[in-house]
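First the structure, in the form of structure tokens, and then the observations on it.
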Amino acid sequence: IFGGLKVPPGAVPWQVSLQVKPKNSRQRFTHTCGGVLIESCSVLTAGHCIQSMKDMQVVLGSLSLNDEDPTEQVINVQEAILHENYRETAQAVYNDIALLRLEGTDGVCANETQFVKTACLPDGQLPDGMECKISGWGSTEESKAGSNHLLEANVMLINQEKCAETDIYGSVLDDTMFCAGHLKGGVDSCQGDSGGPLTCEQNTNSVVYGLVSWGDKCGRKNKPGVYTRGSNFVRPLTCENEDTHVLHG
Ligand code: 4AZ
């Protein structure tokens, strides 16, 4: 995340670190992408994060990649399902979404805690200009490595016609994507944030409106982040994940 701040414990409990290692190798798992927990055994990520012939695991409930958080849950990926119309060109990535099925028993994979919760799925479009949140362990500058600590930033939903203007992204932009960020630059997602959440608050619930997908570098003027349009791919469901405050005394 370019221009972000550290995420406090439990503030983005649906954030996943998708980690891979070459199949059957003794190498360690390394962070490659973000993801979003949407059900106990289901994680959404970007299609371009799925590389074949790799062992994959997800880490949930973690803030720091280097240290082992006592709150973290590490779960193997059983299956990765890439969108059937996923397509990558030199200019853009289309239908950039994949579903990860996690290993578990009796439909329980991730255990819900204060630090691990599901995000809600979107049930339609949200207004241009709305402020939403992005998060991830990706680069903090174009030429820098990823962040050890999970970072977040606020971004604005950008009008689709505006973002398809020639000085921004032009006609490569389609309905499977939308732009968010700040046209003046400075706050953006970046390499290593891919697949992670763009959530917007709706009726006090956090809805995964987008997934970090692509962009022309990071944080540049008139080059906002491009996100996979979640509402294009899911059926709406009723969902709640708001903080419930237990009152004592
Ligand atoms: C990347 O390389 C990448 N500024 C991800 C997000 C953005 C740019 C690049 C958006 O994975």
Side-chain angles (χ1 to χ4, degrees), residues 1-5 7 12 15-20 30-36 43-51 54 56 58 65 80 82-83 86-98 100 131-160 162-165 167-170 172-174 176-200 208-230 232:
I1 301 288
F2 192 110
L5 293 169
V7 171
V12 191
Q15 175 80 51
V16 165
S17 165
L18 175 60
Q19 310 195 336
V20 304
T30 51
H31 171 87
T32 48
C33 273
V36 195
V43 165
L44 286 180
T45 189
H48 79 264
C49 293
I50 304 306
Q51 307 155 30
K54 296 256 177 143
M56 288 190 275
V58 297
L65 286 181
L82 182 63
H83 194 280
Y86 173 81
R87 194 162 57 88
E88 217 179 306
T89 69
Q91 282 84 33
V93 196
Y94 298 88
N95 300 292
D96 192 13
I97 191 167
L100 307 178
E131 194 162 88
C132 298
K133 261 189 201 321
I134 54 172
S135 50
W137 289 274
S139 305
T140 57
E141 304 271 353
E142 279 177 14
S143 55
K144 280 201 184 155
S147 166
N148 173 50
H149 197 283
L150 183 62
L151 302 178
E152 64 181 354
N154 291 330
V155 290
M156 271 172 14
L157 303 183
I158 296 171
N159 176 269
Q160 192 80 359
K162 173 78 191 169
C163 207
E165 286 178 3
D167 58 333
I168 306 185
Y169 286 121
V172 299
L173 208 71
D174 80 357
T176 73
M177 323 157 185
F178 69 89
C179 302
H182 302 267
L183 290 177
K184 66 180 194 314
V187 180
D188 199 3
S189 49
C190 202
Q191 194 174 358
D193 293 321
S194 288
L198 178 148
T199 56
C200 309
V208 53
Y209 196 62
L211 301 173
V212 178
S213 179
W214 61 276
D216 185 353
K217 310 284 174 53
C218 314
R220 295 195 179 191
K221 178 172 188 272
N222 280 345
K223 298 295 171 190
V226 183
Y227 296 81
T228 310
R229 187 182 291 281
N232 216 60

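Order of listing sets the numbers, starting from 1, for every ligand and every atom in it.
At least one heavy atom of Asp188 sits less than 4.0 Å from an atom of ligand 1. Judged by the shortest distance from any of its heavy atoms, Lys223 lies outside the 4.0 Å radius around the atoms of ligand 1.
Which of Ser189, Ser194, Gly195 comes nearest to atom 10 (C) of ligand 1 through a heavy atom is settled by distance: it is Ser189. Evaluated by nearest non-hydrogen atom to atom 7 (C) of ligand 1, the leading choice among Tyr227, Phe2, Trp214 is Trp214. Here atom 1 (C) of ligand 1 lies nearest to Gln191 when heavy atoms of Gln191, His48, Arg220, Glu142 are compared.
Side-chain atoms of Arg229 and Tyr209, non-hydrogen and from C-beta on, do get closer than 4.5 Å to each other. Under the 4.5 Å side-chain criterion, counting only non-hydrogen atoms from C-beta, His83 is not in contact with Tyr94. The shortest distance between side-chain heavy atoms of Thr176 and Asp96 does not fall below 4.5 Å. Residues Ser139 and Cys218 fail the side-chain proximity criterion, which asks for heavy atoms closer than 4.5 Å.
Of all the heavy atoms of Cys190, the ones lying under 4.0 Å from any atom of ligand 1 belong exclusively to the backbone.
Enclosure of atom CD in Gln191 is not indicated, since only 12 or fewer non-hydrogen atoms of other residues, nucleotides or ligands lie within 6.0 angstrom.
Annotation: Ser213 places no N or O atom under 3.5 Å from an N or O atom of ligand 1; distance criterion only.
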